[in-house]
2 protein chains.
Amino acid sequence: MKHLTDKKEFDFRILKTIPIFSELPDSRLEALFEKLKRNELKRNTCIFLEGEPGKEFFIVAKGKVKIFLSSPEGREVTLTFLEPPQFFGELSLLDDLPRSASARTVGSSILYSLRKESFQNFLTEYPQAALRILKTTTEMVRRLTEQVHSLVFKDVQGRVAKKILDLSKKQIGIKFTHQELANMIGSARETVSRVILNLEEKRVLKINRDGIQILQIHELEKLL
Amino acid sequence: MKHLTDKKEFDFRILKTIPIFSELPDSRLEALFEKLKRNELKRNTCIFLEGEPGKEFFIVAKGKVKIFLSSPEGREVTLTFLEPPQFFGELSLLDDLPRSASARTVGSSILYSLRKESFQNFLTEYPQAALRILKTTTEMVRRLTEQVHSLVFKDVQGRVAKKILDLSKKQIGIKFTHQELANMIGSARETVSRVILNLEEKRVLKINRDGIQILQIHELEKLL
DNA sequence: GCGAAGTTGTGATTTAAATCACTTTTTAAA
DNA sequence: TTTAAAAAGTGATTTAAATCACAACTTCGC
């Protein structure tokens, strides 16, 4: 492994933290690593678009990727964000159908990509990997099911409350613009602004430089 | 196989048409079949509820099953319908989380169920099966993604048009009540009635005893 | 530290669609 | 075949939230 640069060495270590790959013997992992293409991308770079044929599988080594849907008028709904050591783009490689959503970097990022054939070879060679991928796919199903649930049954206030609660379980300090929050819940920026302002006035939330902070989690849960 | 009754023989043949099972050698399939419990259910019988722990995997041998979400106020959104030889209920068995949706029979049905441990044993014994299940799970992801897309970007007319077009690709004659159609697209019965009436007046659709018939597919596609 | 770009705050207006409240029609069961 | 139950049609009303149209703040890159 001495031939790897420090940079690559760093990324190689990240690769080992990914559940699908971590089980592979080091020798095999290294061979796979040679097939990966390193992509350094600036922020807001398009990775693929809804409707395109899927050619690659991606692993996030650094930065953040947004998976989203867009309307002809240019509106967007955010489906999810991905950070190291998560991966994405496997769906179209599994079923040979066009991309169901688009992907773009949020911050400047480093991605590793694996071409379709290599990904499929990998899957046939290591069928256990199918089970790991199945795991992330079930997570997608659950996330999307919840999103449908929220969209149909909850008003904007309820959806904002749920989103803030969900985000707070994954990170401290929720730093998103109102526009981004609106995209996550399928609403309009102004409406989200008004809802958040209202929750701030009721001392349920507090906004500071680190983003949104929950003051009364119980009050927020009542809005669900 | 002589010990199987005619009834069971019939269901056994259905079992063989299911992609996950069809690859198994007959001997192994028969052993698995012995572990299956046969359930004859009347129409509108609850199979499981959102939030419950998942204990079984189900195969539809006869009839029709609805997968849906419900709100505290008693409203419902339909996620999908399942017919022979489809299966369902695997999600919670794969990730050990509560049921993400509820299931109930639509017509009187026959289901085969496999207990969690047997399902999991089956998966470890036949890792190729993970790939087949992965296939149906990706279908769920695509269906749900489309549902989110429609809910956020389309108005009720657009959602009705899309649903009718989608259904028409799978069956001739779309026979659902307006209420059911409303549940499928997350809208209200009255609104759906008005939209369909309007499409009928414009000679885009025709309603007869077999349900909805599309007259001008191109007009319907324009509404998407 | 300045100016431009990106965010947020806010009122006014519009709009789609839910809800309500019935009637009429269709379907299925006794 | 009557009648009960389910489904569909329809006007009127209400409502939540999108949209429009700016002003006022923040940030942040030069």
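Throughout, a chain's letter reflects where its sequence line sits, starting with A, and its residues are numbered from 1.
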> Which listed nucleotide (dA18(D), dA18(C), dA8(D)) is nearest to the side chain of Arg189(B)?
Replying inline: dA8(D)
> Within 45° of the ring axis of Phe153(A) and under 6.0 Å from its six-membered ring centre, is that where the NZ or CZ of Arg75(B) lies?
Replying inline: no
> Just to confirm, is there a sub-4.0 Å distance from OP1 or OP2 of dA18(C) to any side-chain nitrogen or oxygen of Ser187(B)?
Replying inline: yes
> Does atom NZ of Lys35(A) have more than 12 heavy-atom neighbours, drawn from other residues, nucleotides or ligands, at distances under 6.0 Å?
Replying inline: no
>> Could you tell me how far apart Asn208(A) (CG) and dT8(C) (P) are, to the nearest whole angstrom?
In response: 14 Å
> Strictly by modelled atom types, are Thr177(B) and Gln179(B) linked by a side-chain donor-acceptor pair under 3.5 Å?
Replying inline: no
> Out of dG9(C), dT10(D), dA18(C), which has the shortest distance to the side chain of Ser193(B)?
Replying inline: dT10(D)
>> Just the rounded figure in Å: distance from P of dA7(D) to CG of Leu197(B).
In response: 18 Å
> Expressed in angstrom and rounded to an integer, what is the separation of Asn198(A) atom CG from dA17(D) atom C1'?
Replying inline: 15 Å
>> Within this structure, what is the CE-CG distance for the pair Met184(B) and Asp166(B), rounded to the nearest 0.5 Å?
In response: 10.5 Å
> Nearest nucleotide by nearest heavy atom, which residue falls closer to the 5' end of DNA chain C, Asp155(B) or Gln179(A)?
Replying inline: Gln179(A)
>> Between P on dT7(C) and CD1 on Ile207(A), what's the gap in Å once rounded to a whole number?
In response: 15 Å
>> Without decimals, in angstroms, what is the distance between Arg194(A) CZ and dT13(C) P?
In response: 13 Å
> Within less than 4.0 Å of OP1 or OP2 of dG9(D), is there a side-chain N or O belonging to His178(B)?
Replying inline: yes
> Hey, does the side-chain of Arg75(A) have a donor or acceptor N/O within less than 3.5 Å of a partner on the base of dT19(D)?
Replying inline: no
> Considering heavy-atom distances to DNA chain C, does Arg159(B) or Thr177(A) have its closest nucleotide positioned more toward the 5' end?
Replying inline: Thr177(A)
> Atom CZ of Phe153(B) and atom P of dA17(D): how far apart are they, to the nearest Å?
Replying inline: 18 Å
> So, are Glu139(A) and Arg142(A) salt-bridged, with charged N and O less than 4.0 Å apart?
Replying inline: no
> Quick one: Arg209(B) CZ to dT25(C) P, roughly how many Å, whole number?
Replying inline: 17 Å
> Roughly, in whole Å, what's the span from CD in Gln157(B) to P in dA18(C)?
Replying inline: 14 Å
>> Let me spell it out: for each of Val156(A) and Glu190(A), pick the nucleotide of DNA chain D with the closest heavy atom. Which residue's pick is nearer the 5' end?
In response: Val156(A)
